Each structure stands twice: as C-alpha cells, then as structure tokens.
Amino acid sequence: MKPAAFTYQRPTTLTQALAAYAAAPEAKVLAGGQSLIPLMSMRLTSVPELIDINGIEELSHIHVERGQGVRFGAIVRHAQLHAHAEAREVQPLLHAALSHVAHATIRNRGTTVGSIVHADASGEMPMIMSLLGGTLTVASVEGRREITAEDLFIGPLETSLQAGEIAVEAFVPALPARHGVAFDEIARRHGDYALCGVGAIVGLDADGAIEHVRAGYVSVSETPAVVDLTGCFPDGELTEQGLKDAAELALTHLEPEADIHASAEYRAQLARTLTTRVVAAAHADAGARANAEVTA
Amino acid sequence: MTTPGSTAEQTETIRLRVNGVTHEVDVPPRRLLSDALRHDLGLTGTHVGCEHGVCGACTILVDGQPTRACLMFAIAAQEYELTTVEGMTRPDGSLGPVQQAFKDCHGLQCGFCTPGFITTIEAGLEENPDPTPEEARDMISGNLCRCTGYQNIVKSVRRAAELKRENPTGEGAGQ
C-alpha cells in the first residue's frame with residue numbers, strides 16, 4: 001500500500017503550474033489528494049510526476065455573488081465551503097450536500113473542485129454541479145475556458161478536460177426566488193459512500209403551483225444523472241400519485257448496479273423512496289422560502 | 001529506475017514541524033506523512049491501519065484540524081503545524097484530558113485505533129466543548145474500532161469534555 005515513485009513539484013503561481021503541466025502532460029495535479037492518494041497507494045493509477053497546487057494562493061478564494069452564485073477556487077476545502085455562511089444562504093443545496101461528503105476529517109483536506117473533476121458518480125459534488133447547472137473554469141498555457149456541467153462529465157471518472165488543463169474554479173448558480181432544495185442519502189455509516197443519494201430542486205410560480213422539478217442521483221448511474229420530473233405534477237400540486245410517478249420516471253433514467261454493499265433491486269428501491277422523500281422536502285422548502293420572500 | 005541495480009531513489013530534505021519541534025529528514029516524494037512520522041521521526045504513536053483513508057487510525061492534527069496522515073505526502077506537509085498523539089499530553093507529561101478520559105471510561109481495548117480517536121476528539125472538543133451523546137457519535141463517525149468498543153468511546157468523549165472544563169488551562173501541547 002505504498003505509492004510508486006514519482007517526481008514532485010510545488011509551484012506557487014498558476015502560471016508556473018500550467019507551464020509545468022504543459023511540459024509534462026502525463027503528470028497528475030494534486031489538490032486535496034483524498035481520492036488520488038488512495039488510488040496511488042493501491043497502485044490503481046500510476047503517476048510519474050505530481051504537480052502540487054496547494055501552494056497557489058490565487059486558487060483559495062470563495063466569492064459569493066448575491067443573486068448570481070458561488071465561485072470557489074481549486075484548493076478550497078470541502079470544510080471551508082461547508083462552513084461559509086454566505087455561500088449557504090445563496091445556494092443552500094451546496095451546504096446540504098457537503099454535509100454528506102465523506103467524513104469531517106476527509107472534508108478538512110479534500111477540495112470541492114477536486115471532487116468535481118474526479119467525476120465519480122458516487123460522489124455528491126459532481127451530481128450537485130449537474131443538478132444546479134454549474135460551470136467549471138479550466139486553464140492551460142493556451143488560456144482559459146468554461147465547461148458546463150453537462151459537457152464536463154463524459155464517462156465514469158472521466159471529464160472533458162484536455163491534457164495540460166487544470167481546473168481552477170467552479171461556479172454554482174444561486175437559488176432563484178420561489179425555489180426550494182433538499183438532499184438526502186442512505187449510507188451504511190454517515191460519511192461512507194452513499195448506497196443511493198438524491199438531491200432535488202423545486203420551483204414554484206407566483207401562485208405557489210409547481211413550475212418545475214428536477215432531481216439528481218448519486219451512486220445509481222455511471223455519470224451524474226439528473227432527471228426532469230416536472231411532468232409528474234401536471235396540476236402544479238404535489239400529490240402522492242405525482243411522487244410515485246416521479247420515482248418510477250426517475251428509475252427509467254438510472255442504472256442501479258449490485259456490489260457487496262447492496263443489490264441492484266435494493267438500490268432501485270432506495271432511489272424510489274428517496275425521490276418521494278426529497279422531492280416532497282424540496283417542495284416544502286420552496287413553499288417556506290416563497291412565504292419568507294413575500295413577508296420580507 | 002528500470003535498470004537492475006539502480007534502486008536508489010531520489011530524496012529531498014524536508015522540514016516537518018511536529019508537536020512544536022522542527023525535524024529535518026531526507027525522504028523520497030512518495031513518502032506518506034504517516035510513514036515519515038513513524039519511520040523517519042520514530043513517532044510511532046500514529047498508527048497505520050488501512051492506508052487508504054477509511055479506518056482513521058492515522059488521524060493527526062494539521063493546523064489543528066483532524067487529517068488522515070496516510071492521505072498526505074510528507075513533502076507536502078512542510079508548511080503546517082502537525083500534532084500527533086504524542087502531543088496530546090499535558091505540559092508536565094501527564095495524560096491529557098482525552099487520554100485520561102479513555103483511561104477512566106475503559107475507552108480502549110487493544111488500543112490500535114486509539115491514537116486516531118484521541119486526536120479527532122481533541123479537535124472535536126475545541127469546536128464543540130459540550131457534545132450531546134449524538135454529537136459525540138458524529139464526532140467519531142470517521143474512525144473505526146474493530147474491538148467494537150464504541151459505547152465506551154462515546155462515554156470517553158463526554159468525560160473528556162468534563163475534564164477539559166474542570167481544567168481548562170492544562171490543555172495538551174501543540175495548541
């Protein structure tokens with residue numbers, strides 16, 4: 001359980017890091033390392049060269065733009081983002097989902113951007129990016145570009161980043177008015193990989209009728225799965241039948257698989273149960289927020 | 001490296017600040033922080049269990065925050081203040097409050113997981129000095145005890161909180 005030998009660089013500016021990466025495209029970028037280091041220790045990946053970006057001060061920012069969203073740099077730890085009160089206010093789903101990312105000890109070191117580009121469909125953060133329609137900013141010696149979540153996750157543990165590109169910042173849009181969110185997951189132990197996790201966002205119109213419903217899924221697909229469930233609530237009302245239909249509709253987009261922790265059938269059942277639970281909670285949250293906005 | 005006989009690995013001289021003392025050691029970049037502490041510095045209080053971040057036995061404090069020493073490279077830990085279980089005693093060398101609580105409450109059996117619990121709880125009580133039993137459980141949820149002595153570990157968390165309140169000045173070193 002020891003990593004193979006590699007060479008190590010610790011640049012202190014992004015320009016240095018990008019130049020180093022351009023010169024060694026087979027290198028890996030080290031941020032929090034909470035997924036990369038186990039992979040290296042178990043020799044599931046071999047890394048000839050490591051570019052450690054933890055010393056790059058310009059990647060440590062959290063910018064909250066009210067009405068716009070939350071921007072955070074590549075070395076922002078999960079714990080920092082989780083504890084950021086203003087970020088929580090602007091996009092509460094970020095905070096709710098971060099509470100479920102691994103154990104507190106891992107969140108102290110692991111980075112949210114790192115978790116996004118690790119692109120594990122059993123991780124919460126890739127799903128949150130997809131569900132909220134976030135964007136990732138990547139940089140290389142050629143310049144910068146933005147990638148939408150939709151174009152980012154192209155396969156299991158695979159993103160559309162090109163050789164020499166470093167993810168420098170992620171952006172998650174603010175929660176619009178009259179919208180509510182909820183997140184829940186089932187794991188053998190809080191902080192372990194979820195057997196299944198669901199996040200939902202519900203938008204209401206000015207009269208309180210459901211305008212749209214979307215849900216995102218953890219651990220039941222190969223790439224982060226987001227399903228539009230609006231059609232299950234044709235009258236704008238949250239009904240038991242609507243929730244049941246939503247759960248069944250969601251399942252047609254998911255591919256729950258069996259492993260030592262759960263059978264495929266059990267995971268499917270969790271996806272059903274969590275869909276009804278989380279969509280109902282997001283609907284209640286939207287109602288509460290809409291009321292608070294009116295009285296504010 | 002692939003040539004037979006050329007087994008020597010490039011090392012670098014790094015500085016690690018552990019429990020208030022600066023150490024200088026030569027390590028290859030791939031040296032895990034957990035191994036550097038144990039093998040290079042002889043601080044064998046930090047235990048190594050799963051070596052992939054699951055068990056929590058190697059948890060140390062990095063700038064006061066619980067962190068897995070097996071999920072950091074020693075070479076990347078130079079800018080931080082590291083605290084291991086050896087730094088959890090009181091300044092006079094007697095048991096720190098969390099260590100004392102484990103002794104009082106029979107919070108350890110084989111003791112293998114204990115250093116990771118002690119460091120985690122030390123930092124947890126800094127953040128939440130009076131945890132409920134449920135909060136105590138949450139605090140230690142990232143650490144495994146294969147003797148399954150969890151009930152007494154939860155009691156130890158609460159007892160440690162009491163001891164810290166009774167003697168707030170006698171904190172463990174490395175604060």
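Just the heavy atoms: all of them, side chains too, but no hydrogens, waters or symmetry mates, feed the values below. Small disclaimer: the values here were computed from a predicted structure and weren't measured. Numbered from 1 within each chain, the chains take letters A, B, ... in sequence-line order.
Open room surrounds CZ on A:Arg188; 12 or fewer heavy atoms of other groups in view lie less than 6.0 Å from it. Taking a 6.0 Å sphere around CD of B:Glu127, one finds it holds 12 or fewer heavy atoms contributed by other residues, nucleotides or ligands. No more than 12 heavy atoms of other residues, nucleotides or ligands sit less than 6.0 Å from atom CZ of B:Arg15. Within 6.0 Å of atom NZ in B:Lys103, 12 or fewer heavy atoms from other residues, nucleotides or ligands are found, so the atom counts as exposed in its surroundings. Within 6.0 Å of atom CD in B:Glu134, 12 or fewer heavy atoms from other residues, nucleotides or ligands are found, so the atom counts as exposed in its surroundings. Environment of CD in A:Glu86: crowded, with over 12 heavy atoms of neighbouring residues, nucleotides or ligands closer than 6.0 Å.
Under the ring-ring contact (aromatic ring centres under 6.0 Å, His included) criterion, A:His100 pairs with A:Phe183, A:His190, not counting sequence neighbours.
Atoms CD and CZ, from B:Gln10 and A:Phe6 in turn, are 13.0 Å apart once rounded to the nearest 0.5 Å.
Of residues 65-78 of chain B, those residues with a non-hydrogen atom less than 4.5 Å from any non-hydrogen atom of chain A are, in numerical order, B:Gln65, B:Pro66, B:Thr67, B:Arg68, B:Cys70, B:Leu71, B:Met72, B:Phe73, B:Ile75, B:Ala76.
Contact of the A:Met42 side chain with the B:Glu51 side chain is not registered, since no non-hydrogen atoms from C-beta on lie closer than 4.5 Å. When side chains are defined from C-beta on, A:His103 does not count as touching B:Ile140, because their heavy atoms never get closer than 4.5 Å.
In terms of heavy-atom pairs under 4.5 angstrom with chain A, the leader among B:Gly56, B:Pro29, B:Pro28 is B:Pro29. When each of B:Glu12, B:Met139, B:His52 is scored by its heavy-atom pairs under 4.5 Å with chain A, the top score falls to B:His52. Comparing A:Val47, A:Asn54, A:Asn108 by heavy-atom pairs within less than 4.5 Å of chain B, the highest count is held by A:Asn108.
For chain A, the nearby parts of B:Val54 are the backbone and the side chain; heavy atoms of each come within less than 4.5 Å. Contact of A:Leu36 with chain B is not made at all, since no heavy-atom distance falls under 4.5 Å. Using a 4.5 Å cut-off between heavy atoms, A:Ala79 does not touch chain B at all.
Nearest heavy atoms, B:Leu32 versus A:Met1: CD1-O, 4.2 Å. Here the closest heavy-atom approach between residue B:Gly53 and residue A:Ile106 is recorded as O-CD1, 3.9 Å.
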**OP:** Any chance you could lay out the side chain to side chain contact (heavy atoms under 4.5 Å, CB included) test for A:Leu50 and B:Arg30, step after step, and finish with the verdict?
**Re:** CA-CA 10 Å; A:Leu50 212 49; B:Arg30 63 169 169 155; over 6 Å; no
